[in-house]
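Accompanying notes for the structure given below.
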2 protein chains.
Amino acid sequence: MTDKPDSPLPPTTRRRRRHGGLTLRDVAKLAGVAPITASRALNTPDAVSPEILARVREAVERTGYVPNILAGGLASRQTRLVAAIVPTISSPVFLEMIEALTRSLTAAGYQLMLGQSGYADSREEELLEAIIGRRADGVVLTGVLRSPLARRRLLASGIPVVETWDLTPTPVDMLVGFSHSRLGSAVAAYLHERGRRRVAIISATDERARQRTDAFIQTAQALKLAGPDGQVPARYVAAPTTVGHGRTGLRELLAAHPDIDAVFCSSDSLALGVLNEAHAQGIAVPGRLGVIGLGDQGFARDLSPALTTVRIDGNLIGETAAHYILERIAGRQVAEPVCDIGFTIVERSTI
Amino acid sequence: MTDKPDSPLPPTTRRRRRHGGLTLRDVAKLAGVAPITASRALNTPDAVSPEILARVREAVERTGYVPNILAGGLASRQTRLVAAIVPTISSPVFLEMIEALTRSLTAAGYQLMLGQSGYADSREEELLEAIIGRRADGVVLTGVLRSPLARRRLLASGIPVVETWDLTPTPVDMLVGFSHSRLGSAVAAYLHERGRRRVAIISATDERARQRTDAFIQTAQALKLAGPDGQVPARYVAAPTTVGHGRTGLRELLAAHPDIDAVFCSSDSLALGVLNEAHAQGIAVPGRLGVIGLGDQGFARDLSPALTTVRIDGNLIGETAAHYILERIAGRQVAEPVCDIGFTIVERSTI
DNA sequence: ATGAAAGCGCTAACAC
DNA sequence: GTGTTAGCGCTTTCAT
């Protein structure tokens, strides 16, 4: 029979790494219960007797104990963390969604972890790595995931995913968005219906902006809103779109095509710039020039003339996305986890 | 001699909870090394022979392994997470700081976790709890921490803290901000210097706005910029300040005090509203009315007339805060971890 | 209802 | 340079 040696050091000298942080064990000891009982008192209060519950709560109160979510998450495989990736938080169009997401998730006891990809694929992959690394319980993506590698990894991670702000026949998982091409077409049709006959566009250059622009131009051409050469005058600006871009955009557009009578701007900031430039040049809006923006930012309704724009219900996107994620986390399958929330043209006074 | 019983179950039947997730052990096995060696290959590549490094990297590549940061953080007591609390991300003034923070932290291999307190103390405590619970390596606060309980808890947690956007003689830990009262005074003095003689103010109502307003009014009175009754006309609006607030603010101000010749707005959005309302009423800016904003948002320079405003270098706040936190994490004591970054009045055309 | 033991996936500490 | 061992602080599993 082999005699197993005792541990090389006496128990009290056993190397410990504790750095003085307060742990559940300390609380449990103070309450005179086992750690697991203290854990239950905190997580499933109904599963312990009222008396013990009170004792544990008092111990927590007295010590100021804050549970280590890392340790809990590691053991339970639940991090109560949902990540969202947006191109940028500087663009007000995403703000509404982020706030709705924060609200819904917080209410459900989850925390939102926000990442900015800056419209760059490489950064998107980095963020995804951080998200998977932290074992987020869910991910909300802005736009659809393009990189096949990123798609595969995310899928392999098993994390519930909602893609937003766009529609695609092949979502990674769940989807809530709207059709950018239909939006572009709708705006062209709207301008036509309002009697405009020579339209132009100032647009950003990201993928979704491109979809809107293409559709806008195509529909405009079909409706004979193009110039004599069959072209629809367009200016492209890099994100983020600014008021300054709107001003120079209109200036250039007007210089080359003095006969345009309406401009579709791919953001309300651009539209504000166009309005400003028109004012500076003494061009009547909507009299001689119609302007339509995108985003329905707060200021749109407050300008004079009030800005006609296209509204996307970011709030609904955020709430729906949160709902999808939370359902999936709860183990329920969402029946039809694809949602087209559409868009609305908000008629005001600039067209 | 007591015979220690073997483990109650044979090793192979030992209960395991593994749910199929890829772990470092799998990677190590594939590379033919011990887990710790694989860990070193990933975290301290220099501490490992090139040949083994290559083998581990290949194993990672082939399996698509993503380290579990929770587990790593738990063991190493480093989460590579820095949290920031801002009142709201809808207010563009904080955006620049957030972006600088994100940039600096990302570059150093840290992740920013953003929380919105919504100007409410209760929410601030909740967020703090989440931050301590996740064992963030640092916290950046917007404004100074008021609740004594929150101060104590944060201090007790040992997490490095930077308070921003304000100055106080008694910071919790580190500080980078500017004096809101000095700002208010400076604006009053500036208006005086520019020849204005009846000034007014439209302001938000949060703590820092109040400091600015008080100082503005006091200095204005001292410089004889008040009305005949010795009062400085003021409108107060709840956050978030909007263009609409600016419009109604000016309307009300003018109705009650037709002789005012300058307005200090506590945000550029308010100023934009004032500009709009003035335009709608045919009031010349800067001729009859001077306008000064706060924040130097992107559009300020692009308006016509271009908006005179007060610039806060959010970028510098973010970078400095990140620097302080990172230094502290690295175990270095920052010599003077209090920084007044001041402010700048940006002269343009509305005054 | 409560507790003991084991393990979540990783790294610090200590050998060799 | 590489490996062994023992945790990090919590929750799951199983037993009482």
Side-chain angles (χ1 to χ4, degrees), chain A residues 5-9 11 13-29 31-56 60 65-80 132-135, chain B residues 5-9 11 13-29 31-56 60 65-80 132-135:
Chain A
D6 285 342
S7 46
L9 297 165
T13 321
R14 265 240 302 284
R15 72 182 127 140
R16 306 207 95 276
R17 268 191 273 160
R18 297 199 54 194
H19 287 296
L22 202 58
T23 76
L24 187 60
R25 221 169 51 183
D26 304 321
V27 173
K29 203 171 294 170
V33 296
I36 181 61
T37 305
S39 169
R40 287 193 185 108
L42 295 176
N43 299 316
T44 50
D46 295 336
V48 298
S49 67
E51 193 226 346
I52 285 194
L53 179 57
R55 259 157 51 200
V56 172
V60 168
Y65 168 71
V66 180
N68 185 326
I69 305 183
L70 266 64
L74 184 58
S76 69
R77 312 175 142 276
Q78 276 233 58
T79 54
R80 310 224 122 227
I132 299 175
R134 290 196 196 275
R135 302 298 189 263
Chain B
D6 284 342
S7 47
L9 297 166
T13 321
R14 265 241 300 286
R15 70 186 130 141
R16 306 208 97 273
R17 268 190 274 159
R18 298 197 54 194
H19 288 296
L22 203 57
T23 75
L24 186 61
R25 220 169 53 183
D26 304 322
V27 172
K29 204 171 293 173
V33 296
I36 183 66
T37 305
S39 169
R40 289 194 184 107
L42 296 176
N43 299 316
T44 50
D46 295 336
V48 132
S49 70
E51 191 226 345
I52 285 194
L53 179 57
R55 258 159 50 201
V56 171
V60 168
Y65 168 72
V66 180
N68 185 327
I69 305 182
L70 267 63
L74 185 57
S76 69
R77 313 181 138 274
Q78 278 233 56
T79 54
R80 311 223 123 228
I132 299 176
R134 291 195 196 276
R135 301 298 188 264

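Every chain is numbered from 1 and lettered A, B, ... according to where its sequence line falls, protein lines coming before strand lines.
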Just to confirm, is there a sub-4.0 Å distance from OP1 or OP2 of C:dC8 to any side-chain nitrogen or oxygen of B:Asn68?
no

Least distance between heavy atoms, B:Val48 atom then B:Ile52 atom
CG1-CG2, 4.1 Å

Which part of the nucleic acid, if any, lies within contact of A:Pro67, taking any heavy atom under 4.0 Å across all strands shown: a base, the sugar-phosphate backbone alone, or nothing?
sugar-phosphate

Contact nearer the 5' end of DNA chain C, comparing B:Ser39 with A:Arg40
A:Arg40

OP1 or OP2 of D:dG3 under 4.0 Å from side-chain N/O of B:Thr37:
yes

Set of side chain to side chain contact (heavy atoms under 4.5 Å, CB included) partners for A:Ala31, sequence neighbours left out
A:Val33, A:Arg55, A:Val56, A:Ala59

Please classify the nucleic acid contact of B:Leu70 as base, sugar-phosphate, or nothing, using heavy-atom distances under 4.0 Å.
nothing

With sugar-phosphate meaning primed atoms plus P, OP1 and OP2, does B:Ile69 contact a base, only sugar-phosphate, or nothing at under 4.0 Å between heavy atoms?
nothing

Tell me whether the side-chain N/O atoms of A:Arg77 come closer than 4.0 Å to OP1 or OP2 in D:dC10.
no

Nearest-nucleotide wise, let me know which of A:Asp46 and A:Arg135 is further upstream toward the 5' end of DNA chain C.
A:Asp46

So, the side chain of A:Arg135 versus the backbone of A:Ile132: is there a donor-acceptor pair under 3.5 Å, distance only?
yes

Taking 4.0 Å as the cut-off, does a side-chain nitrogen or oxygen of B:Ser49 come that near to OP1 or OP2 on D:dG1?
no

